[in-house]
Each structure stands twice: as C-alpha cells, then as structure tokens.
Amino acid sequence: MSQKLKVGILGATGMVGQRFIALLENHPWFEVTTVAASPRSAGKTYEEAVGGRWKMDTPIPESVKNLTVYNVNEVETVAATVDFVFSAVDMTKEEIKKIEEAYAKTETPVVSNNSAHRWTPDVPMVVPEINPEHFEVIESQKKRLGTQRGFIAVKPNCSIQSYAPALTAWLEYEPYEVVASTYQAISGAGKNFDEWPEMVGNIIPYIGGEEEKSEQEPLRLWGKVENGEIVKSDIMNITSQCIRVPILYGHTATVFVKFKKKVTKEELIEKLVNYKGVPQELELPSAPKQFIQYLEEDNRPQVQLDVNYENGMGVSIGRLREDSIYDFKFVGLSHNTIRGAAGGAVECAELLKAQGYIQAK
C-alpha cells in the first residue's frame, strides 16, 4: 500500500492545474488520486476533459490520464477521496472564498494558488523561504472554521517572486523605497500563443489588479503574527508597473531600491547567494538547493537561459549596480507557473507536511 498522501487537484484542467499534475508525477510524498473541475468536465476521463488543451512540455502522466473528473462543486464527495487538495479553480473571488472554506470545513487542508484568501487575516500567505512562521496562524483559523485539521494556506502572486526574495535577503540594510516594474509572461493569464495570437510581437501595458498585488503582497510576507492574524509590514514603500510581454514562461522585474543603511554591491551579492530558508534546511523535495543565484554577465538573467534555474524553483538576479537617483538597481527573473504558482504551492504543502499540519486522514 502506498504511504503517499492522497492529493486532489481542484481546477485540474486549467494551466495551473496541469502544472500541479506535471510537478506531482513521481513526487516522493504526494500522489494525485483525484481531479476535479467544472461540471462540463465532470464524468469524463482527465484526458478527455483536457482534450487538445494540455499545455505542459511533458505528456499527461499515465497515472492521471484515466482518472474520472469530479465536479468540483460536489465538495463532500471530492473531499472524501483525499488527504488534502491543491486549489487552482477558475471562479470569481467570492466563489473561490466560499468553495475553499467549504473544503476546509470537511477537514481537508487546502493549499491554494488563488488570490481570494491572500488578505484573509488568519490565512497564511507564504513563500516557504521567506515567512514560514506565518503558518502558526492556522491554529487561529481552525478555531474560526470550527475544524480539527481543515484549513486554507495560500501562496502569493507570481510576479513578486522575481524581486521580493532579493529584498528579503537585504532587509538588514533597511530598504525603504522601491520601484519595481514587471514584464510578465502570457502563461500568467493561463494562455499560450495559440490561444492569444494578438500577443505575438506585442506588449500590453496593463494587467488587471497586478500592480496593487505587486506593491502590497510583499508587505504581507514581511508582516508579523499578532493575536492570531497577519499584520502587514510598513517597512517599505513599493510602487509598480506591470506589463504583459510576448514570453510563454518567466516574469522579469527591473527594480530600483533605496536603503537606509550604507551597503556595497559586494555585500548585497553575498547576501543573495548565501540566502537560505527552512526548505533548504529540511531538504524538502521541491526546494532549490540554492534559492537565489547571482549572474555576473551584463546580459543576464535571460528567460531562455535562466527561467528553469533549479527546475524553475530558483530565482535569478543580475545587473546589480549603483544608480544615479536610487542607491541600487537590479533585474530579477522567476518562473511564473513553477516557483510563482504550482511549484510554490507544492513547496508550501511539503513544509506543511513536515511541520505536521497535513497528515493522512
């Protein structure tokens, strides 16, 4: 009998759901046993439901192809088959809040890629290398929900992964003013070029809701747990512009930073390359050995060369140099559907398992 935890994917037919399935193939701790999607997919095999819309580079895993797709709205039925679920449902924010809480109340932990609960005060929004201590609010959340083991945990927006890790590595030098512009891949909208031909050779200077997330979510990562809630930090002012660019995978950021404390380029680089977190200490299955790499070449990081660093779970930083108005500027790159979405959520689930929050039912 398999000792792996049984996992369900909510929203399994979409791009992030597909990424979850690809990443979890042969995972040492987790096994996808249940896939759930909209009522129109329910009753079909997963392969039939996805049809010609499989977007990953690797084929649909054989272990998942013939699973019958559940109706994601039949919460009790789906929850009875799994130990926990990953959520990547495509619904309105209010619908997502409702359905994720419904799953949690069946005593099924929910690890979500969605934004709906990122500002719910007792829901931890975690990058495991940055703020694993925020998981402690789960105990307060369980009291509110009336559960013993059911809860919701989320990961932050994909675009902030390309610069928030660097700023975190530098917090002792007190960065206080940041300009961060992100150049975001089309897969962040769940699309490829076949589905979005107008993006070929094009740039769209607007992504709905993205600038607010880019400015505010890092402050929640650096917040404190007080009275069972996450209180947002006020250590930094961040302003952002977010632009859609004709790239399939990879969010790039150009960032300008002012520091309260004097610091050299060499000291900043040293902090980046030596930065480690709990996932590295615990050697979690999905954790990059080195979370942040620094690239010395003037023309790096590049999407084609660097987006898959550490299997897409690492962050690449380059072009760090002094600035004429700000103190320093740099360029960051992260994989938006691996580190920024499904992979980040898988790493969260691994840490939650390691800390005893997720167990077999």
Side-chain angles (χ1 to χ4, degrees), residues 1-12 20 24 27-36 70-89 91 94-128 131-156 220 223-231 278-279 282 284-286 344-361:
M1 180 183 285
S2 171
Q3 297 302 303
K4 293 183 182 182
L5 293 178
K6 294 182 288 187
V7 179
I9 312 293
L10 312 181
F20 274 120
L24 292 168
H27 192 281
W29 296 357
F30 307 144
E31 180 180 359
V32 177
T33 60
T34 301
V35 288
Y70 284 79
N71 180 345
V72 73
N73 298 309
E74 294 177 356
V75 175
E76 295 279 352
T77 304
V78 174
T81 68
V82 296
D83 295 313
F84 76 100
V85 295
F86 288 111
S87 176
V89 291
M91 299 176 173
E94 287 310 309
E95 288 171 335
I96 292 168
K97 280 186 175 180
K98 187 175 176 183
I99 201 166
E100 290 183 348
E101 284 206 356
Y103 274 93
K105 285 176 178 176
T106 68
E107 302 294 358
T108 305
V110 178
V111 182
S112 180
N113 181 70
N114 296 303
S115 65
H117 276 293
R118 286 184 193 153
W119 290 94
T120 303
D122 60 8
V123 171
M125 182 182 79
V126 170
V127 174
N131 61 325
E133 70 281 0
H134 284 192
F135 283 144
E136 68 186 65
V137 300
I138 287 171
E139 296 308 322
S140 298
Q141 185 193 146
K142 288 195 289 193
K143 286 178 188 163
R144 173 174 65 85
L145 295 175
T147 58
Q148 295 297 309
R149 69 187 299 282
F151 63 86
I152 303 161
V154 301
K155 49 144 289 298
R220 192 168 198 255
K224 298 280 186 251
V225 178
E226 294 179 11
N227 300 315
E229 297 184 348
I230 311 291
V231 178
V278 173
L282 296 178
L284 297 179
S286 297
V346 170
E347 191 185 52
C348 280
E350 290 168 357
L351 184 53
L352 287 162
K353 177 189 180 296
Q355 294 181 337
Y357 290 101
I358 294 178
Q359 300 172 348
K361 282 184 178 174

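Numbering starts at 1 and runs along the sequence shown.
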Kindly indicate, with the supporting measurements, whether the criterion side-chain contact (heavy atoms from CB on, under 4.5 Å) is fulfilled by Glu95 and Asn73. CA-CA 10 Å; Glu95 288 171 335; Asn73 298 309; over 6 Å; no

Do [X] and [Y] have side-chain heavy atoms sitting under 4.5 Å apart?
| X | Y | value |
| --- | --- | --- |
| Val7 | Thr33 | no |
| Val35 | Phe20 | no |
| Val346 | Phe86 | yes |
| Val78 | Thr108 | no |
| Lys155 | Arg118 | yes |
| Ile138 | Pro124 | yes |
| Trp29 | Pro285 | yes |

Go through the structure and list residues passing ring-ring contact (aromatic ring centres under 6.0 Å, His included) with Phe151, not counting sequence neighbours.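 Phe151: no ring-ring contact (aromatic ring centres under 6.0 Å, His included) contacts found.
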
The criterion is ring-ring contact (aromatic ring centres under 6.0 Å, His included); which residues satisfy it with Phe30, sequence neighbours excluded?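 With neighbours one apart ignored, the set is His27, Phe84.
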
Without swapping roles, check the side chain of His134 against the backbone of Val225 for a donor-acceptor pair under 3.5 Å. no

Tell me if a side-chain donor or acceptor on Lys361 pairs with a main-chain N or O of Lys6 at a distance below 3.5 Å.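 Checking the backbone N and O of Lys6 against the side chain of Lys361, no donor-acceptor pair under 3.5 Å is found.
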
What are the two closest heavy atoms between [X] and [Y], and how far apart are they?
| X | Y | result |
| --- | --- | --- |
| Ile99 | Met91 | CD1-CE, 3.8 Å |
| Phe135 | Ala153 | CE2-CB, 4.1 Å |
| Val110 | Ala104 | CG2-N, 4.0 Å |
| Val111 | Ala349 | CG2-CB, 4.2 Å |
| Ser140 | Gly228 | OG-CA, 3.2 Å |
| Pro132 | Val126 | CA-CG1, 4.2 Å |

How long is the gap from [atom1] on [X] to [atom2] on [Y], to the nearest 0.5 Å?
| X | Y | atom1 | atom2 | answer |
| --- | --- | --- | --- | --- |
| Ile358 | Glu350 | CD1 | CD | 10.0 Å |
| Lys97 | Ile152 | NZ | CD1 | 10.0 Å |
| Leu352 | Leu5 | CG | CG | 11.5 Å |
| Ile230 | Thr120 | CD1 | OG1 | 11.0 Å |
| Asp83 | Glu31 | CG | CD | 10.5 Å |
| Leu24 | Ser286 | CG | OG | 7.5 Å |

Any pair counted as salt bridge (Lys or Arg N to Asp or Glu O under 4.0 Å), so long as it reaches residues 71-81, sequence neighbours left out: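 As it turns out, there is no salt bridge (Lys or Arg N to Asp or Glu O under 4.0 Å) pair with a partner in residues 71-81 once direct neighbours are skipped.
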
Scan for salt bridge (Lys or Arg N to Asp or Glu O under 4.0 Å) pairs involving residues 133-151, sequence neighbours excluded, and state none if there are none. Glu101-Arg144, Asp122-Arg144, Glu139-Lys142

Given the rule in the side-chain contact (heavy atoms from CB on, under 4.5 Å) test, do Val154 and Asn114 qualify, once you have shown the distances and angles that lead to the verdict? CA-CA 7 Å; Val154 301; Asn114 296 303; over 6 Å; no

Using the test salt bridge (Lys or Arg N to Asp or Glu O under 4.0 Å), find all partners of Glu107 that sit at least two apart in sequence or belong to another chain.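 For Glu107, no residue satisfies salt bridge (Lys or Arg N to Asp or Glu O under 4.0 Å) once neighbours in sequence are set aside.
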
Sequence neighbours left out, what passes salt bridge (Lys or Arg N to Asp or Glu O under 4.0 Å) with Glu100? Give chain and number order. none

